[in-house]
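Since the structure comes first, as structure tokens, the remarks are kept for the end.
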There are 2 protein chains.
Amino acid sequence: MSATVPSSSITPEVAAKSNMTVEAWAEAALEALASGGLEAVAVEPLARRLGVTKGSFYWHFANRDALLRAALALWERHETADAIHGVEAAKDPFDRLFLLFKQANASHKAGRLYLSLAAASGDPVVGAVVRRVSELRLTYLHKCYIDLGLSEHDAMLWSTFAYATFIGNQQVHRDAPERFPTGADFREYFKLMLKTLVLDRSADSGTISPRSLEA
Amino acid sequence: MSATVPSSSITPEVAAKSNMTVEAWAEAALEALASGGLEAVAVEPLARRLGVTKGSFYWHFANRDALLRAALALWERHETADAIHGVEAAKDPFDRLFLLFKQANASHKAGRLYLSLAAASGDPVVGAVVRRVSELRLTYLHKCYIDLGLSEHDAMLWSTFAYATFIGNQQVHRDAPERFPTGADFREYFKLMLKTLVLDRSADSGTISPRSLEA
DNA sequence: ACCTGAACACCGTTCAAGT
DNA sequence: ACCTGAACACCGTTCAAGT
């Protein structure tokens with residue numbers, strides 16, 4: 001509890017005024033990123049929102065880019081952790097793919113953040129992180145298709161197809177919200193994708209029964 | 001040829017110094033948009049590049065937003081024209097879908113521009129245009145699936161699936177370039193998508209032969 | 001009609017000075 | 001060690017003045 005308390009403070013209550021930390025700035029930047037995009041990661045507005053001057057910022061960071069880098073590191077940890085979270089627990093390769101599909105279509109906040117960042121992948125700093133996250137996800141998907149019984153080559157084709165569909169769904173959901181299926185339509189849409197991208201694949205290897213379709 | 005020549009100019013050559021036009025600014029803005037994203041649409045840098053002062057800009061436009069609006073109008077015309085261009089010439093519904101698929105996977109520059117703009121769809125001005133373009137494309141795709149013989153409902157499901165895949169491909173191509181199939185792999189990937197999203201659908205209606213797969 | 005030039009506000013960055 | 005406050009550069013916007 002006393003981690004950030006200045007050792008020279010006389011009364012304990014003064015410690016409550018707690019100095020800024022790199023983490024606090026990074027989290028604020030990530031929130032700004034999610035709601036307002038890259039350009040919302042602005043030092044002065046963030047400083048105002050946090051109740052300090054921008055001079056304070058430059059004590060913790062070299063510049064705006066360093067703040068971005070810290071926020072991106074946070075995001076990368078989230079994405080790579082979430083992507084594998086719980087999925088590895090399932091031992092059946094079909095179940096793992098099913099969970100990945102569910103996850104990809106569930107979190108619209110995470111999806112928006114990804115799109116915001118992917119959008120700014122022209123920026124070399126952002127681009128590097130986005131590429132790392134994308135490739136990690138594709139690698140994992142590829143592995144799942146291999147476990148399902150596909151050849152290296154077929155797994156490459158279908159994992160790319162599936163991933164493109166995931167990402168595209170988030171985009172369509174954002175850019176044509178009127179047209180994106182909801183409610184019962186969405187459940188049917190989800191089944192259709194699952195059948196096309198997973199069930200009909202496991203049928204190729206002839207070992208998996210289509211039981212999870214009703215979950 | 002004398003449209004923008006000041007009537008009071010004494011020597012004809014002076015006209016060559018040609019005043020700025022709304023169109024010239026809009027095209028410059030669109031170029032900046034394609035290469036540097038939304039934030040590259042900046043008045044002062046554009047003015048420098050065009051060899052005028054920013055004061056000139058504010059004669060033609062109320063503000064930066066108006067410039068963006070003009071650039072977006074240009075883009076919208078391109079996208080809606082290109083989307084239908086040549087496709088309507090084909091009378092066979094399968095051929096139309098085939099052409100749309102080919103088109104969607106061909107122009108990476110157009111794809112990048114779309115992603116740049118879709119990225120900035122948090123901005124109300126950009127968002128409105130992106131949504132119009134997205135919904136027009138989905139409406140057209142939907143119509144194609146109807147013509148292929150699908151029910152209204154099935155056409156909704158499959159056109160969404162297909163469009164999500166289009167958009168997602170562009171994103172994967174940009175965000176995981178190492179992983180996106182090229183050459184012979186890409187041709188195979190393309191066939192796989194075409195078979196899944198179109199051929200197997202027309203088989204449902206039982207009227208179309210899979211001849212174009214070898215094109 | 002169209003453009004320049006000076007002015008002001010806002011944000012990024014620096015740095016000397018405070019505690 | 002951490003923060004403030006003033007300074008400067010850059011870009012958006014305005015507007016009086018030029019041609």
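Atom set for the values below is all heavy atoms of this structure, side chains included, hydrogens, waters and symmetry mates excluded. Quantities reported herein were computed from a predicted structural model and do not represent experimental measurements. All chains are named by letter (A, B, ...) in the order of the sequence lines, taking the proteins before the strands, and each is independently numbered beginning at 1.
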Whole-Å distance separating the CD atom of A:Glu39 from the P atom of C:dG12: 11 Å
Value in whole Å for how far the P atom of D:dC10 lies from CD of A:Glu44: 17 Å
Under a plain distance cut-off of 3.5 Å, with no hydrogens placed, do [Y] and [X] share a side-chain donor-acceptor pair?
X        : Y        : answer
A:Tyr140 : A:Glu88  : yes
A:Thr196 : A:Arg201 : no
B:Ser134 : B:Tyr114 : yes
B:Arg132 : B:Thr80  : no

Any residue of residues 47-63 of chain B with a heavy atom less than 4.0 Å from an atom of DNA chain D: B:Arg48, B:Lys54, B:Tyr58, B:Ala62, B:Asn63
Of residues 67-75 of chain B, the positions that come close to DNA chain D - non-hydrogen atoms, cut-off under 4.0 Å: none
Tell me, please, which residues at least two apart from [X] pass salt bridge (Lys or Arg N to Asp or Glu O under 4.0 Å).
X        : result
A:Glu188 : none
A:Asp185 : none
B:Glu44  : B:Lys54

Charged N-O contact under 4.0 Å between A:Asp92 and A:Arg96: no
Test: B:Glu178 and A:Arg131 ion pair at under 4.0 Å: no
Side chain to side chain donor-acceptor pair (under 3.5 Å) between A:Tyr58 and A:Asn63, worked out: CA-CA 7 Å; A:Tyr58 285 96; A:Asn63 49 32; over 6 Å; no
Under the 3.5 Å Watson-Crick or G-U criterion, the dot-bracket string of DNA chain C, with | for inter-strand pairs: ||.|||||...|||||.||
